[in-house]
Amino acid sequence: MPGSLPLDPKGLRRCVERLSRLDPLAPLHGLSVDRWRQLLDDAEWLAETFGTQAARDGWSAADLFGRWPDVDGMGGIADRLNSSRSLVLSADRAAWRINGVTFTYNRGSYDLPLVWEVQP
């Protein structure tokens, strides 16, 4: 099942390991190198800054690192951040701002394939 990797401490470590294996100069999903690097930077920042809290609060790997095939910027939180570092994460909702506009994502919204599982 897509994105079904539990986000407990062990699952979080596996996500971080999988992210670290992705080459920032070899984009997947038909993304430009710049967009791919931004997505990886956002995913790594999200795991490092909010991973433990997200695991504790019941967020899934898909919520954080999911990606719709062929639809850029509409997947999990990392896919949507666009380099924003204003993220506020609660037990059920994430909110962040980009250019003064607030975006939100509700925990459990989609069961998406993880960024490293989506085929180009």
Supply the atom-to-atom distance [X] [atom1] to [Y] [atom2], rounded to the nearest 0.5 angstrom.
X    : Y   : atom1 : atom2 : answer
L87  : R80 : CG    : CZ    : 12.5 Å
L22  : E44 : CG    : CD    : 8.5 Å
F65  : L40 : CZ    : CG    : 11.0 Å
Y110 : S60 : OH    : OG    : 13.0 Å
W116 : L28 : CH2   : CG    : 12.0 Å
D8   : R14 : CG    : CZ    : 8.0 Å

Quick check: do [X] and [Y] have side-chain heavy atoms less than 4.5 Å from each other?
X   : Y    : value
R18 : L114 : no
R67 : D72  : yes
W45 : S83  : no

Quick check: does any side chain N or O of [X] sit under 3.5 Å from a backbone N or O of [Y], one acting as donor and the other as acceptor?
X    : Y   : answer
R107 : D63 : no
W68  : G73 : no
D42  : N82 : yes

_Trace of the side-chain hydrogen bond (donor to acceptor under 3.5 Å, both in side chains) decision for Q38 with R35_ = CA-CA 5 Å; Q38 176 188 50; R35 173 64 179 120; 3.1 Å; yes
How close do [X] and [Y] get, heavy atom to heavy atom, and via which atoms?
X    : Y    : answer
A78  : L39  : O-CD1, 3.7 Å
P24  : W36  : O-CD1, 3.4 Å
N106 : R93  : OD1-NE, 3.2 Å
A95  : T102 : CB-CG2, 4.5 Å
W59  : D92  : CZ2-C, 3.8 Å
L7   : A61  : CB-N, 4.0 Å

*Kindly work out whether a path of hydrophobic side-chain contacts (I/L/V/M/F/W/Y, heavy atoms less than 4.5 Å apart) joins L25 to L31.*
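No, because L25 and L31 fall into different hydrophobic clusters, even though each may have its own neighbours under 4.5 Å.
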*For E17, enumerate each residue passing the salt bridge (charged side-chain N to carboxylate O under 4.0 Å, His left out) test, keeping only those at least two apart in sequence or located in another chain.*
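E17: salt bridge (charged side-chain N to carboxylate O under 4.0 Å, His left out) contacts with R21.
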*Could you tell me which residues satisfy salt bridge (charged side-chain N to carboxylate O under 4.0 Å, His left out) with D57, sequence neighbours excluded, listed by chain and number?*
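So D57 forms no salt bridge (charged side-chain N to carboxylate O under 4.0 Å, His left out) with any residue.
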*Derivation and outcome, side chain to side chain contact (heavy atoms under 4.5 Å, CB included), residues L19 and V115*: CA-CA 8 Å; L19 286 168; V115 68; 4.0 Å; yes
_Can you confirm whether R97 is buried at CZ, in the sense that more than 12 heavy atoms of other residues, nucleotides or ligands lie under 6.0 Å from that atom?_
no
